[in-house]
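Data first, discussion second: the structure below is written as structure tokens.
A note on names: the letters A, B, ... follow the listed sequences, proteins ahead of strands, and every chain is numbered from 1. Only a predicted model underlies this, so the values are computations on that prediction, with no experimental measurement involved.
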Amino acid sequence: MRIPIGSVTPASGTAEVVGWVHEVRDLGGLAFFLIRDRTGIIQVTIPKKKASEAVLAAAKAVSRESVVRVAGAVKAIDKAPGGRELVPELFEILNMCESPLPLDVVEKVPADLDTRLDARFLDARRPRVTAVFQIRSAAMHAINTFFFNRGFININTPKIVAAATEGGTELFPIAYFDKEAFLNQSPQLYKQMMMAAGFEKVYEIGPIFRAEEHNTTKHLNEATSIDIEVSFIDHHGVMHILEDLIVHTYQHVHDNCSYQLANLGCTDFAVPKAPFPRLLYSDAIAIAQKKIEEPIKYGDDIGSAAERVIGAEMGGHYFIVDWPTEIRPYYAMPYEHDPSICKAFDLMHPRMELASGAERVHQHDLLVQQIRKKGLNPESFEFYLRPFRFGMPPHAGWGLGAERLIMTMLGLSNVREAVLFPRDMHRLVP
RNA sequence: GCCCAGGUAGUGUAGUGGCCUAUCAUGAUUGCCUGUCACGCAAUCGACUCGGAUUCGAAUUCCGACCUGGGCGCCA
């Protein structure tokens, strides 16, 4: 019976493991093989005088990164990684690996991201890359559990749509029989429609597509969005949910992924504390005006340079709240006392924006008015506007970028590190 | 879309007109080595993105193409 390498201990007695040949060190009369699976690495030691002919033949023939099955006695050895080693009675090559390798799995020599992504299957064998995706999986599990425990209904909305949701961002056109269609940039309109359906609390984790020709370390043309929409709640309510979710997710990773965090060198993994500070948009602008050279004024978007200096000032996660209505989408609810600002917010990590959300406009006529103000045609949104005439409850929601969450959580330098097969301007394969 | 910087063995690099039959590391092949853990030692193998131009001479200068990284705008 095969057991995971991470579970092999000096107390195991005998063990059978399967995995990849990570490294070979042949000292002459004694040879060391490091065998790796997704749970860890074990040293296999072959004393050549004592080993069987079959074991010697296989050990001589095998190449690095070949798949092998090894079985034998487990011995406690202080000098070996994990304090144990395997002395094989069986050393079977399940599949040979070609040579040379497209990149160095052991990482004695680094590889460019481009080279790594071209051979992602091999790149992902590297323990630190495996760790990123194991942590991403754990984080997603925590997020699903969080919503399930709070009574959210998990929904799936179409990714093939007829029109833009908000205007502005570029869409990917696709051929849809004899009609014009696009890949969806956001589940925004659909999750709002489910408020009219009385679902009250919905969430969706799914792909979003943006055809922007951006060339940065924090943008993808295909990203994963974690979206919620909740009825009978205001923007403060959904901000509470968001900060609780962030803390819960960090805590889950902290409690369940110590091996992976160690592989990544995250020795000081800190769980953020809620509540996160609420910074008024107007105060954020004031900070930026003091600290950066390029001119920025009330009513401007907060650019990368401003984002960085404000982030440095805040030191941790924070919200920017009460944005000018003019620079937010039409579905953000303006304040009654001052319609020039609205109940919209962004969740920020010191490095970048993670999420944005708002209390939504739920009154049909106000919504039409706001759509017009943005220079958009309400008629092309009829499928969306219709529910607002048939009992749409007050509601609020947000969308959180999954890759950015993982990127900032683990201190990754490029968002592509948080995606198995990233899609950007230049990359469509693999 | 705009602005920078690049493209040299499988991988990562050095090389700014002749000293390049191209540096170093890693890797692969072969040999030696019984406690390695970036094992060590020796030998061998393996590269200037493509096309054009300048020049006695181009990896190096110029033009074009293709490809890549980064910054900005915009956003998640």
Pairing check on [N]: which nucleotide meets the Watson-Crick or G-U wobble criteria with it, both distances under 3.5 Å?
| N | result |
| --- | --- |
| B:rU44 | B:rA28 |
| B:rA76 | none |
| B:rC37 | none |
| B:rU13 | none |
| B:rG6 | B:rC67 |
| B:rC62 | B:rG52 |
| B:rG57 | none |

Just to be sure I understand the rule, does [X] reach a base, reach only the sugar-phosphate, or reach nothing, if contact means heavy atoms closer than 4.0 Å?
| X | result |
| --- | --- |
| A:Asp346 | nothing |
| A:Thr217 | sugar-phosphate |
| A:Glu307 | base |
| A:Arg308 | sugar-phosphate |
| A:Ile77 | base |
| A:Lys48 | nothing |
| A:Asn215 | base |
| A:Ser99 | sugar-phosphate |
| A:Ala223 | base |

A:Glu65 vs A:Arg126, test: salt bridge (Lys or Arg N to Asp or Glu O under 4.0 Å). Steps then yes/no. CA-CA 11 Å; A:Glu65 293 304 321; A:Arg126 293 162 49 216; over 6 Å; no
Can you tell me which nucleotide in [options] comes closest to the side chain of [X]?
| X | options | value |
| --- | --- | --- |
| A:Ser304 | B:rC74, B:rG35, B:rA38 | B:rC74 |
| A:Lys49 | B:rU34, B:rG1, B:rA38 | B:rU34 |
| A:His214 | B:rG12, B:rG73, B:rC75 | B:rG73 |
| A:Glu353 | B:rA76, B:rA28, B:rC37 | B:rA76 |
| A:Leu220 | B:rG12, B:rC72, B:rA76 | B:rA76 |
| A:Ala111 | B:rC75, B:rG12, B:rA38 | B:rG12 |
| A:Met425 | B:rG1, B:rU13, B:rC75 | B:rG1 |
| A:Asp114 | B:rU34, B:rU68, B:rA76 | B:rU68 |
| A:Leu27 | B:rG73, B:rC75, B:rU36 | B:rU36 |
| A:Phe32 | B:rU36, B:rG70, B:rG73 | B:rU36 |

Looking at A:His426, I'd like to know whether one of its side-chain N or O atoms comes within less than 4.0 Å of OP1 or OP2 on B:rU68.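 For A:His426, the contact criterion (side-chain N or O under 4.0 Å from OP1 or OP2 of B:rU68) is met.
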Below 4.0 angstrom from OP1 or OP2 of B:rA76, is there any side-chain N or O of A:Ser356?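 Yes, A:Ser356 has a side-chain N/O under 4.0 Å of OP1/OP2 on B:rA76.
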Derivation of the salt bridge (Lys or Arg N to Asp or Glu O under 4.0 Å) call for A:Lys201 and A:Glu229: CA-CA 6 Å; A:Lys201 297 187 235 181; A:Glu229 205 65 30; over 6 Å; no
[atom1]-based separation of [M] from [N] [nearest Å]:
| N | M | atom1 | result |
| --- | --- | --- | --- |
| B:rA53 | B:rG10 | P | 28 Å |
| B:rC24 | B:rG46 | P | 15 Å |
| B:rG7 | B:rG12 | C1' | 14 Å |
| B:rU16 | B:rG73 | P | 36 Å |
| B:rC72 | B:rU54 | C1' | 37 Å |

Would the base of B:rG73 count as contacting A:Glu213 through its side chain, where contact means a donor and an acceptor less than 3.5 Å apart? no
Can you tell me whether the side chain of A:Arg427 and the base of B:rC67 have a donor-acceptor pair closer than 3.5 Å?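 Per atom types, no contact qualifies.
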Find out whether the Lys NZ or Arg CZ of A:Lys343 is both under 6.0 angstrom from the six-membered ring centre of A:Tyr335 and within 45° of the ring's axis.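 Cation-pi check for A:Lys343 and A:Tyr335: passes.
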Going through the distances and angles, do A:Phe319 and A:Phe345 end up as a ring-ring contact (aromatic ring centres under 6.0 Å, His included)? CA-CA 6 Å; A:Phe319 287 102; A:Phe345 58 88; 5.8 Å; yes
To the nearest 0.5 Å, how far apart are CG in A:Leu113 and CG in A:Leu117? 4.0 Å
How long is the straight-line distance from CE of A:Met194 back to CD1 of A:Ile155, given to the nearest 0.5 Å? 6.0 Å
Which is more 5' along RNA chain B, the nucleotide nearest A:Pro47 or the one nearest A:Pro100? Just name the residue.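 Going by which nucleotide is closer to the 5' end, it is A:Pro100.
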With the side chain counted from C-beta on, respond yes when A:Leu385 and A:Pro378 share a heavy-atom pair under 4.5 Å apart, and no when they do not. yes
So does A:Tyr259 have more than 12 non-hydrogen atoms from other groups sitting under 6.0 Å from OH?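 Enclosed.
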